[in-house]
J.: 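Attaching a single structure in structure tokens format; questions to follow.
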Amino acid sequence: MKANLVEAVQDGLRIALREDPDCLVLGEDVGRNGGVFRATDGLQQEFGDQRVLDTPLAESSIAGVGLGLAAAGMHPVCEIQFAGFLYITMNQIGSQVARLRMRTGGGLKAQMVIRAPYGGNVRTPDLHSDSFEALYAHTPGIKVVLPATAYAAKGLLLAAIEDPDPVLFLEPMRIYRGFREEIPEGRYTVPLGQARVAREGTDVTIVAYGAEVSTALEAAEALQMEHIEAEVIDLQTVAPLDAETVIGSVRKTGRAVVVHEAARPVGVGAEVVARIQEEAFYSLEAPVERVTGWPTPYPFVQAEGLYVPSMARIAAAVRRTLSA
Amino acid sequence: MKANLVEAVQDGLRIALREDPDCLVLGEDVGRNGGVFRATDGLQQEFGDQRVLDTPLAESSIAGVGLGLAAAGMHPVCEIQFAGFLYITMNQIGSQVARLRMRTGGGLKAQMVIRAPYGGNVRTPDLHSDSFEALYAHTPGIKVVLPATAYAAKGLLLAAIEDPDPVLFLEPMRIYRGFREEIPEGRYTVPLGQARVAREGTDVTIVAYGAEVSTALEAAEALQMEHIEAEVIDLQTVAPLDAETVIGSVRKTGRAVVVHEAARPVGVGAEVVARIQEEAFYSLEAPVERVTGWPTPYPFVQAEGLYVPSMARIAAAVRRTLSA
Amino acid sequence: MGYLREAPNDWEPLRLTAEDGKPLPEVQLPSAETALEIFRWMVFGRIFDQRMLSLQRQGRIGTIGSIRGQEASAAGLGVALRQEDWLAGSYRELLTYLVHGVPAEALITLYRGGVPGPFPAGVRALPVQIVIGAQMPQAAGLGLALKLRQEPAAVVACCGDGATSEGDFHEGVNFAGAHGLPVVFFVQNNGWAISVPRARQTASATIAQKGFAYGMPAALVDGNDPLAVYEVCREALERARAGGGPSFVEAVTYRLGPHTTSDDPTRYRPDSEVQAHEGRDPLPRMRRYLEAAGIYPDGLQEQLEEEARTVLGEAVAAAELRPPVTPEQMFDLTWAKETPQAQRDRERSIAELREVGEL
Amino acid sequence: MGYLREAPNDWEPLRLTAEDGKPLPEVQLPSAETALEIFRWMVFGRIFDQRMLSLQRQGRIGTIGSIRGQEASAAGLGVALRQEDWLAGSYRELLTYLVHGVPAEALITLYRGGVPGPFPAGVRALPVQIVIGAQMPQAAGLGLALKLRQEPAAVVACCGDGATSEGDFHEGVNFAGAHGLPVVFFVQNNGWAISVPRARQTASATIAQKGFAYGMPAALVDGNDPLAVYEVCREALERARAGGGPSFVEAVTYRLGPHTTSDDPTRYRPDSEVQAHEGRDPLPRMRRYLEAAGIYPDGLQEQLEEEARTVLGEAVAAAELRPPVTPEQMFDLTWAKETPQAQRDRERSIAELREVGEL
Ligand SMILES: Cc1ncc(C[n+]2csc(CCOP(=O)(O)OP(=O)(O)O)c2C)c(N)n1
Ligand SMILES: Cc1ncc(C[n+]2csc(CCOP(=O)(O)OP(=O)(O)O)c2C)c(N)n1
Ligand SMILES: [Mg+2]
Ligand SMILES: [Mg+2]
């Protein structure tokens with residue numbers, strides 16, 4: 001079937017609801033409205049309002065209710081309407097969901113998924129464009145997954161729902177409807193914790209995830225004209241980070257550029273750089289570059305195009321590492 | 001005067017309350033009880049219950065009320081009883097306090113300090129030992145400060161209270177009463193955003209902050225027996241990070257070890273490593289090592305002594321970088 | 001058995017006028033001047049809404065929420081405020097912001113993705129809140145500042161029915177209650193939180209009675225009766241300014257338009273419901289009141305509409321003349337006092353943009 | 001003027017027995033068997049508290065909260081629970097955890113800084129919560145699961161008076177109300193949240209009436225009258241199990257001991273207050289009831305104390321025999337399904353510890 005990213009998410013949810021009687025979907029406006037991005041469109045009609053549930057407007061409780069459901073053996077998929085509101089769920093997820101297994105000596109598990117659209121350059125209001133994966137990637141006990149394609153979105157989501165650990169699933173809003181691609185009908189999974197080589201190359205490694213994978217691939221295409229062959233790694237899971245795939249690539253290329261749209265300081269990019277220099281130090285021929293959001297809050301819409309890493313900024317960073 | 005770290009904090013608060021009529025202190029149990037660590041002991045007696053205020057048990061409102069006070073021109077110092085509860089304040093601080101200036105085009109300022117004791121190895125209950133500086137260091141718009149000595153605690157706190165930007169001030173609980181030192185009477189400040197060379201050395205740079213500075217210094221002393229001269233940098237402010245001081249040291253030593261007790265992935269250590277390799281790449285003779293908490297939640301008390309970086313682990317990392 | 005006490009359900013919304021605009025018996029009404037002032041702002045709000053929706057359709061501003069149908073609540077509250085009072089509201093209270101002195105140009109700039117501030121000197125308002133509920137504890141903080149400084153002023157903290165579910169709503173109202181702060185909590189219950197109806201937001205019979213849970217007096221008011229809204233707010237605000245502490249007001253109204261320009265309300269609410277509420281539009285109701293009271297000059301509405309259009313035309317023009325936000329501005333607005341390293345980092349970011357010609 | 005309605009203040013705590021232990025007129029009392037069961041647990045709680053405080057003083061466990069004075073609430077609630085009900089409580093409900101089937105050894109292990117779980121099969125309880133209020137939405141989630149699966153069971157969500165100020169308290173109770181979930185919210189109002197007295201926590205006249213703000217029935221009960229607590233909880237739990245939805249109970253009691261072993265209550269509350277409450281100790285009150293009812297066998301309390309000491313002695317011994325937590329266990333407990341990289345990272349951490357002989 002052909003699907004764009006948000007349709008792939010919807011298809012994944014439908015399959016989980018059909019095949020797993022313990023699965024249910026909850027969040028703000030996920031019911032009759034089908035979610036503000038239509039990710040849950042039609043699900044309440046098909047599965048009823050007991051399995052596709054509108055919640056009160058209260059994100060901490062969405063996560064906390066999810067924990068309770070999971071503790072009772074269900075497999076909730078909670079939607080947070082925009083990733084910016086993941087600040088509000090930080091306590092329930094960080095202090096509770098991510099630690100339920102530890103605190104109960106493995107007696108209770110938090111098999112649950114928290115989905116949220118994330119990212120910028122879509123001219124949304126205040127706090128609707130933020131990328132908070134780093135906060136949760138610093139929070140061991142929850143896996144953090146960001147698909148970059150429709151295929152990965154469905155496969156990773158189904159893997160996340162059946163994973164016994166809690167998973168934060170961040171969907172790149174900017175490419176929700178960016179492109180349609182052929183994806184398999186029915187259930188398939190893409191393994192969590194495994195990066196993917198999105199493009200092979202020999203001269204430099206570009207590490208990206210989510211919406212920035214497309215931008216990185218465009219940069220790689222452009223660089224090809226300059227006879228630069230960039231390898232593009234799509235992390236897919238940023239926690240636990242699949243450092244090995246990145247290291248393997250950098251050992252080959254000797255150079256790397258890490259890309260994300262979240263603010264620069266203490267972002268996932270820093271972790272990737274730290275890993276590379278820890279494990280591929282002697283292969284490195286130039287400093288690893290980071291192309292990221294600035295060290296400022298996510299800006300006003302009029303400036304956001306300059307904040308989110310562009311193809312040009314990625315390409316320039318590649319050139320810098322090559323001439324270093 | 002002689003003071004330990006918590007007494008230095010108290011002295012700083014007293015001076016601010018005396019000299020700045022707009023300053024006030026609020027939090028849970030800060031009044032008659034003087035704070036669970038006595039950091040506000042005696043302040044309510046001296047300044048009354050209008051300026052030293054017990055709040056309801058609700059951390060998000062402590063931060064949010066702080067914002068309101070600051071917007072009206074006051075200089076609140078909010079206490080969060082333990083840093084573990086900074087998860088709860090993430091939304092008010094991240095989406096509100098850190099962005100008030102931006103959102104109002106500079107019209108309103110959030111001149112406020114949020115204090116919290118942080119860190120482990122003190123046999124406290126669940127979530128009372130966490131270090132969440134990385135979450136806030138990834139949140140541009142708020143400065144994140146962690147004193148390592150009584151002298152710095154008072155000077156940095158007074159600087160934070162008079163700084164026009166919001167400051168998260170994390171006090172190392174483990175050394176609250178660890179040692180007494182001579183500190184000046186009356187007002188003095190230690191500048192924010194500036195790291196400090198805690199010990200000079202030539203062979204390796206150890207970067208630490210908060211309670212781990214003492215441990216790093218002990219490690220440096222031990223290494224001296226092996227004729228290794230370690231330079232110890234106390235970051236003092238982790239956001240915005242004073243990379244220049246670190247870089248300067250690493251340019252000299254060619255090797256570095258970064259230490260913190262927070263969980264390893266996407267921690268402040270990763271940022272320090274990224275900075276070092278970005279700006280001192282050609283001086284580096286070995287991979288920068290990180291000695292940190294594990295990639296797990298903060299553990300049960302019985303295992304915490306192995307989680308928090310010890311002198312032995314720091315010294316071993318130094319030896320590894322030297323033999324790399 | 002039978003120890004549990006059932007939650008009471010004994011509220012009637014306060015009204016000063018009937019649907020036909022006629023005053024109810026034995027009520028005290030605001031002055032003609034006040035009534036006209038409220039009407040003027042209601043008309044301004046209606047035109048502002050039209051204008052914003054049309055700018056959005058033309059791609060000249062971003063997503064915006066419609067305020068149509070809620071002008072009585074917004075203007076009744078706004079006119080009851082004094083200059084020295086603080087306003088803490090959200091995207092649904094744009095009209096109250098305008099009444100309180102925030103220039104239309106600032107709001108248009110905000111929705112153009114620009115820097116909306118600073119507001120003019122003396123306009124006491126927090127930024128237009130987007131994070132639902134976050135303004136509530138902040139309002140308590142403003143109230144605490146007024147109390148500590150013994151200023152005879154009040155704070156009004158506005159939110160929607162959906163917002164009452166948020167933890168921050170609770171913490172903010174409770175704080176103000178516990179410390180007896182001069183804050184009026186004003187909930188516009190417009191029936192919906194995007195697609196979630198009021199009844200599924202909370203099982204409480206009224207939102208008004210939530211005030212009791214925080215130990216403060218409360219009122220339930222017909223939010224389409226601007227005079228009732230005005231009088232209730234005036235009482236609550238005066239009480240607050242006089243040191244009488246916080247209070248809680250639920251104004252029952254209806255959102256006639258979509259939640260925002262990205263919303264399709266036909267997915268979740270029946271046309272018949274909307275039609276019924278169109279018949280209760282507060283604007284003609286207020287006009288009927290003025291007419292019945294004999295204080296409606298011929299052609300007033302048309303004239304006010306014209307005036308509003310002129311003011312807004314100028315505001316749009318001014319907003320569109322503002323130069324777009326630069327990265328430098330974003331850095332300037334991140335720190336009031338940049339550390340040396342923050343300055344180096346700024347330069348580095350700017351250089352990166354320059355290198356690729358994005359600046 | 002006069003539109004605001006004052007918050008009501010018309011609650012009297014429910015009691016089945018007077019302070020002297022005599023039943024009040026015309027009340028229905030639980031069976032002798034139930035009363036004795038409650039008493040047995042109250043005695044167990046008292047001895048447990050003594051034992052934990054003494055272990056703490058000996059440095060054999062960490063900081064612990066005292067539950068003395070609150071045994072009536074904790075045991076009355078606990079005995080009203082059925083095996084299939086879920087318990088979501090905090091450090092102050094240790095006795096309820098014990099009644100509900102959590103072994104003393106598990107709790108002692110928790111306070112020894114070890115892994116307290118898993119609880120025995122069939123014991124439905126969330127971990128002992130330390131983050132104030134966090135259990136409330138979780139309890140709603142458990143309730144939702146029971147509702148969806150149509151299990152005739154209930155959830156009890158416990159917290160303290162201070163906890164009612166937290167956003168999570170609000171969100172959890174509201175969720176249960178909005179979705180009509182089988183959850184009983186049980187607040188032990190012990191007068192203090194560390195040093196903050198109940199009156200400064202919220203201006204609400206009672207905590208009980210907060211239930212109304214969520215549309216659920218509520219009760220205010222004398223928390224030192226274990227029979228009243230039991231009967232109110234039984235009604236609330238049965239209602240929930242039968243599909244009647246959530247309810248809200250405030251039990252007014254008093255913390256006779258320090259907040260925790262790190263607390264010095266003389267800093268913030270007068271001895272006279274504590275003395276007055278010592279006179280209302282629920283344990284002798286319950287004993288007086290049993291005696292007056294003629295169902296108190298000679299020497300019962302001493303015998304129960306002895307039994308409790310034996311059980312606890314064994315539990316302490318067993319807990320102290322458990323090997324200390326290893327880093328490997330922490331990694332095992334972080335992920336149920338470790339990714340390949342997580343496994344490599346674990347090995348690296350362990351190797352680092354081995355290198356320096358810390359393992
Ligand atoms: C914390 C948070 N969660 C979710 C949203 C998305 N959102 C925007 S408006 C809205 C509904 C608000 O309903 P209500 O409080 O009734 O106000 P109304 O829009 O009806 O005026 C939601 C869910 C948000 N902006 N902030
Ligand atoms: C979120 C959070 N904030 C603060 C604390 C510190 N703390 C522990 S117990 C307590 C007081 C709790 O009071 P109450 O809810 O009345 O329960 P009680 O201890 O009286 O049973 C506080 C402030 C905490 N554990 N969690
Ligand atoms: Mg609404
Ligand atoms: Mg209490």
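What you see is a predicted model; the values in this text were computed from it and never measured. Throughout, a chain's letter reflects where its sequence line sits, starting with A, and its residues are numbered from 1.
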J.: Does any heavy atom of chain B fall under 4.5 Å from the side chain of D:I64, the backbone, both, or neither of them?
T.: neither
J.: Between chain B and each of D:T63, D:D345, D:V115, count heavy-atom pairs under 4.5 Å; write down the option with the most.
T.: D:V115
J.: Out of B:N33, B:V301, B:V291, B:T124, which one racks up the most heavy-atom pairs below 4.5 Å with chain D?
T.: B:N33
J.: Apply the test side-chain contact (heavy atoms from CB on, under 4.5 Å) to residues D:R57 and D:L53: give CA-CA distance (whole Å), side-chain angles for both, the deciding distance (0.1 Å), then the verdict.
T.: CA-CA 6 Å; D:R57 270 192 301 272; D:L53 296 188; 4.2 Å; yes
J.: What part of B:R38 is in contact with chain D, defined as an atom under 4.5 angstrom from a non-hydrogen atom: side chain, backbone, both or neither?
T.: side chain
J.: Are the aromatic rings of B:F132 and B:Y87 close, with centres under 6.0 Å apart?
T.: yes
J.: If you count heavy-atom pairs under 4.5 Å with chain B, which of D:V131, D:L333, D:I194, D:V128 comes out on top?
T.: D:I194
J.: Is the centre of the D:F248 ring less than 6.0 Å from the centre of the D:Y214 ring?
T.: no
J.: Under the criterion side-chain contact (heavy atoms from CB on, under 4.5 Å), I'd like the reasoning laid out for B:V288 against B:V257: C-alpha separation, chi angles, the key distance, then a yes or no.
T.: CA-CA 6 Å; B:V288 183; B:V257 171; over 6 Å; no
J.: For B:E59, is it the side chain, the backbone, both, or neither that has a heavy atom closer than 4.5 Å to a heavy atom of chain D?
T.: both
J.: Of all of B:R320, B:Q302, B:R264, which one pairs up most often with chain D through heavy atoms under 4.5 Å apart?
T.: B:Q302
J.: Between B:C78 and B:M112, which heavy-atom pair has the shortest distance, and what is it?
T.: SG-CE, 4.1 Å
J.: Is it the case that the ring center of B:F82 lies less than 6.0 angstrom away from the ring center of B:F37?
T.: yes
J.: What part of B:L306 lies closer than 4.5 angstrom to a heavy atom of chain D: side chain, backbone, both or neither?
T.: both
J.: Evaluate side-chain contact (heavy atoms from CB on, under 4.5 Å) for D:E273 paired with D:Y254, printing each intermediate quantity in order.
T.: CA-CA 10 Å; D:E273 176 182 308; D:Y254 193 80; 2.6 Å; yes
J.: Distance alone, cut at 3.5 Å: any donor-acceptor contact between the side chains of D:H259 and D:R92?
T.: yes
J.: Measuring heavy-atom distances to chain B, does D:A163 have an atom under 4.5 Å in its side chain, in its backbone, in both, or in neither?
T.: backbone
J.: Ignoring hydrogens and geometry beyond distance, is a side-chain donor-acceptor pair present between D:N190 and D:T253 at under 3.5 Å?
T.: no
J.: Report the option among D:E166, D:Q201, D:R267 that has the most heavy-atom pairs separated by less than 4.5 Å from atoms of chain B.
T.: D:R267
J.: Among the options D:Y111, D:Y91, D:F331, D:F169, pick out the one with the most heavy-atom pairs lying under 4.5 Å from chain B.
T.: D:F331
J.: At a 4.5 Å cut-off on heavy atoms, which part of B:D54 comes close to chain D: side chain, backbone, both, or neither?
T.: side chain
J.: For B:R123, does the CZ atom sit with more than 12 other heavy atoms under 6.0 Å from it, leaving out its own atoms?
T.: no
J.: When heavy-atom pairs shorter than 4.5 Å are enumerated against chain B, which of D:G357, D:A342, D:G114, D:P265 gives the highest number?
T.: D:G114
J.: What part of D:R346 lies closer than 4.5 angstrom to a heavy atom of chain B: side chain, backbone, both or neither?
T.: neither
J.: Side chain, backbone, both or neither: which part of B:T296 has a non-hydrogen atom closer than 4.5 Å to chain D?
T.: both
J.: Contact part of D:I132 toward chain B, heavy-atom cut-off under 4.5 Å: side chain, backbone, both or neither?
T.: side chain
